[in-house]
Every structure is written in C-alpha cells, then in structure tokens.
Amino acid sequence: MSGTFEGWPREAFDVLLRLEGEPSADVRRECRREREELVRQPMIDLLNAVADADSAYEDFSVWGYGEVLLRAWQRQSAIVRLARNIELGVRFDLEGLEVCVAWWYAPSAQIERYRAAVAVDGSGSRLVAIVRKLEREGFVLSGELLKRPLRGYPVDHPRAELLRHKSVIATRSLGCEEWIHTPAAADQVLAAFSQLRPLARWLVENVSEVRP
C-alpha cells in the first residue's frame, strides 16, 4: 500500500550496495523484501506525491524486477505516460535521482511526423530553442541517430542534426544530496518535470497522437 512520501531511507543505499556487480540468485532472494520496502516503495510514494501535486502526472508505472535482469535490481525506474511513446522518466540508484523525457520506440509514422515538424521553420525553430534552453539547464540530449544525413533533405539544412534523430531523450542527474532522504525529493522531480514540459509538449503536439 502506498504511503506518504518521506524520501528514500539511508538503508536503501545499503540494499543497492549489496546488489552491485553480479549478485547471485541467493543474494537477490535475500534482498528482495528489503529492496521492495526501501527502494521500490519510496518510488511509488514519490510518483503518488508528484501526481497529487499535478494531475498531468497521474498515469504512471513503477517498474518491478525480474529474476535475470541485474540492472533492474540495481536501479529503480518509473515512468509517467504523456502520449504514445512519449514518457517522463525517473530513476533511483546509487548515484541518486535522474529524470528524463523520452520519445522512443516510435513507429515509422511518428518518425515521419517528427521529421516534418523539424524541417519547417516554425516548429523546427521552436524545438531548437527548447533544446538549447534545456542544455543550458544541464540536460543532455541523446537518442537513436541515423548514421548518415537524411535523404530528401539538404545536407546543410539548419537542423540537419535533429533531423537524424529516430528518438529524442533529454536527461539530467539530480544528484544525491541530503534532500533525497526527505519529502523535498518530490519537489526536485516536479521542478525538473516543469523544465521538461516544453519539450514534452512539443513532442505531443508534433509527433504523437494525443492520448485518449
């Protein structure tokens, strides 16, 4: 059952330290209950707190972890769905918290809409301004890129680099300061989500069908 978000307890890092490297099945089995209580449950509580603060973030999922994928044991991830293939993300691990917005795993129709929106001056110039502002705020833009310039567009197109994207991800580490053990961690995530909103809105409006 979800509770009031109080931050991650210090013991959560002890659990993740035990899961570093290549933990055996026995170690994972021994850590399962503590990991659920100390690592995953606070993420559920965080996302509930974020949704309570802003109803735009109500559609979220907090990942579980399988028997085989060690990375899923060593980090706790969650997403907020904004539209098809467009998500806000939160991750907690030994480095602290990281947030992102991601448009990925897109069907070809979405990729074509993205390229068309990047190519024209109005929406394309807005995207450049949004990306540049995020970069000044410490976000890193990444994503799957075509290895060569996109056919059908001039190689000297002013947004040639953005046209090569088949996915767009903007990520920033929030770090691991003392606030991570307090309710203020939710404020940190909300502030980062607010910074990411212009890019998320651009993607929803120009790339993906709006969620029903």
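All values below were derived from every heavy atom in this structure, side-chain atoms included, with hydrogens, water molecules and symmetry-related copies excluded. Here the structure is a predicted model, which is why all the values come from computation and not from measurement.
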Carefully, step by step, assess Arg172 and Leu174 under the rule side chain to side chain contact (heavy atoms under 4.5 Å, CB included). CA-CA 6 Å; Arg172 181 162 71 86; Leu174 301 182; 3.8 Å; yes
Any donor-acceptor pair under 3.5 Å from [X] side chain to [Y] backbone:
X      : Y      : result
Thr182 : Trp179 : yes
Glu58  : Asp52  : no
Ser167 : Trp104 : no
Asn206 : Ala117 : no

Validation row: [X], [Y] side chains within 4.5 angstrom (heavy atoms):
X      : Y      : result
Val50  : Phe193 : yes
Gln74  : Pro23  : yes
Leu82  : Leu203 : no
Phe60  : Ile79  : no
Pro42  : Leu46  : no
Val128 : Leu162 : yes
Leu141 : His165 : yes
Ile180 : Phe92  : yes

[X]-[Y] co-clustered via ILVMFWY side chain contacts under 4.5 Å:
X      : Y      : answer
Leu94  : Val39  : yes
Ile169 : Val99  : no
Val120 : Val204 : no
Leu146 : Val131 : yes
Phe139 : Leu145 : no

Taking the basic N atoms (NZ, or NE/NH1/NH2) and the acidic carboxylate oxygens, is any pair closer than 4.0 Å for [X] and [Y]?
X      : Y      : result
Arg18  : Glu30  : yes
Asp26  : Arg28  : no
Arg164 : Glu161 : yes
Asp54  : Arg197 : yes
Arg40  : Asp45  : no
Glu36  : Arg32  : no
Glu87  : Arg81  : no

Got a second to check how far Arg132's CZ is from Ile130's CD1, nearest 0.5 Å?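 The CZ atom of Arg132 sits 12.0 Å away from the CD1 atom of Ile130.
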Quick check for you: to the nearest 0.5 Å, what is the distance between Leu88 atom CG and Asp59 atom CG? 11.0 Å
How far apart are the C-alpha atoms of Leu38 and Trp8, what are their side-chain angles, what is the distance that settles it, and do they pass the side chain to side chain contact (heavy atoms under 4.5 Å, CB included) test? CA-CA 7 Å; Leu38 302 175; Trp8 272 270; over 6 Å; no
Would you please say whether a donor-acceptor pair under 3.5 Å links the side chains of Ser208 and Gln110?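 Distance-only check passes for Ser208 and Gln110.
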We want to know whether Asp93 and Gln76 form a side-chain donor-acceptor pair, criterion being a heavy-atom distance below 3.5 angstrom.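 There is no such pair between these side chains.
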May I have the step-by-step check of side chain to side chain contact (heavy atoms under 4.5 Å, CB included) for Leu134 and Leu196, ending in yes or no? CA-CA 8 Å; Leu134 286 174; Leu196 288 167; 4.2 Å; yes
Do Arg159 and Asp121 pass the salt bridge (Lys or Arg N to Asp or Glu O under 4.0 Å) test, and can you show the C-alpha distance, the side-chain angles, and the key distance before you say yes or no? CA-CA 9 Å; Arg159 292 173 293 280; Asp121 285 339; 3.2 Å; yes
Stepwise side chain to side chain contact (heavy atoms under 4.5 Å, CB included) check, Asn48 with Phe5: CA-CA 8 Å; Asn48 275 314; Phe5 177 65; over 6 Å; no
If every non-hydrogen atom of [X] is compared with every non-hydrogen atom of [Y], which pair is closest and at what distance?
X      : Y      : value
Glu95  : Cys176 : O-CB, 3.5 Å
Ser77  : Arg91  : OG-CG, 3.7 Å
Leu163 : Ala119 : CD2-N, 4.1 Å

Relative to each other, are the rings of Tyr114 and Trp202 parallel, tilted or perpendicular (30° and 60° limits)? perpendicular
